[in-house]
Amino acid sequence: MVKVKIFGVLRTTIGFGYLEVEGKTVKDVFEEISKIMHQRYLEDKKKTEELKSNPEVKYIKPRNQALEPHMQLNFGDAIVYVNGERCLRKGKKVAHGDEIWLLSPAAGG
């Protein structure tokens with residue numbers, strides 16, 4: 001398993017900040033994250049629809065609508081570090097226990 005930590009605006013958009021996934025390359029890790037994003041989005045959407053049909057529910061917290069257009073996370077969407085070193089290739093190999101950091105490519109000030 002590869003440990004993935006997500007920071008900044010990217011974390012807010014994706015909806016989670018830490019996970020562990022399988023993968024042999026950074027590209028594989030991004031594909032796994034995209035699958036998880038898609039699954040969580042579908043679960044959240046289903047839960048919202050169920051709540052809408054319940055007459056006892058007065059307020060429904062909106063789901064993360066920013067996630068809908070971002071159903072796939074691509075290498076260019078983040079600044080990537082593997083084990084504390086900047087990663088410039090999505091084909092970089094990763095191993096069990098490696099840690100990947102995904103940082104937002106933009107910052108405010």
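These numbers come from a predicted model, not from an experiment.
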Report task. Identify the two heavy atoms, one from Gly23 and one from Val94, that lie closest to each other, and give their separation to 0.1 Å. Result -> O-CG2, 3.5 Å
Query - Any side-chain heavy-atom pair of Lys3 and Tyr18 under 4.5 Å - result: yes
**Report entry** By side chain to side chain donor-acceptor pair (under 3.5 Å) - contacts of Glu31 (at least two apart)
**Finding:** none
Query - Val2 versus Ala95, closest heavy-atom pair with distance - result: CG2-O, 3.9 Å
Report summary line: d(His96 NE2, Glu20 CD) to nearest 0.5 Å is 8.5 Å
Query raised in the report: How far apart are the C-alpha atoms of Lys46 and Glu49, what are their side-chain angles, what is the distance that settles it, and do they pass the salt bridge (charged side-chain N to carboxylate O under 4.0 Å, His left out) test?
Result: CA-CA 5 Å; Lys46 180 181 177 187; Glu49 292 303 318; over 6 Å; no
Report summary line: Here the pair of heavy atoms bringing Thr25 nearest to Gly91 is CG2-O, 3.7 Å
Query raised in the report: Excluding sequence neighbours, so at least two apart, what forms side chain to side chain contact (heavy atoms under 4.5 Å, CB included) with Leu19?
Result: Val4, Ile6, Phe16, Val21, Ile33, Ile36
Query - Remaining members of the apolar cluster that contains Trp101, side-chain heavy atoms under 4.5 Å - result: Phe7, Ile79, Tyr81, Leu103
Report task. Any chance you could measure Leu88, atom CG, to Phe75, atom CZ, to the nearest 0.5 Å? Result -> 6.5 Å
**Report entry** Closest non-hydrogen atom pair between Met1 and Glu22, with its separation
**Finding:** SD-OE2, 3.0 Å
Query raised in the report: Looking at Asn74 and Phe30, what are the two nearest heavy atoms and their distance?
Result: O-CE2, 3.2 Å
Report task. Return each pair, listed once, that meets salt bridge (Lys or Arg N to Asp or Glu O under 4.0 Å) where at least one residue sits in residues 83-103; pairs must be two or more places apart or across chains. Result -> Lys5-Glu99
**Report entry** Test side chain to side chain donor-acceptor pair (under 3.5 Å) applied to Glu43 - qualifying residues, sequence neighbours left out
**Finding:** Gln39
**Report entry** Closest non-hydrogen atom pair between Ser104 and Gly8, with its separation
**Finding:** OG-C, 3.4 Å
Report task. Check whether any side-chain N or O of Asp77 sits under 3.5 Å from a backbone N or O of Leu73 as a donor-acceptor pair, and report yes or no. Result -> no
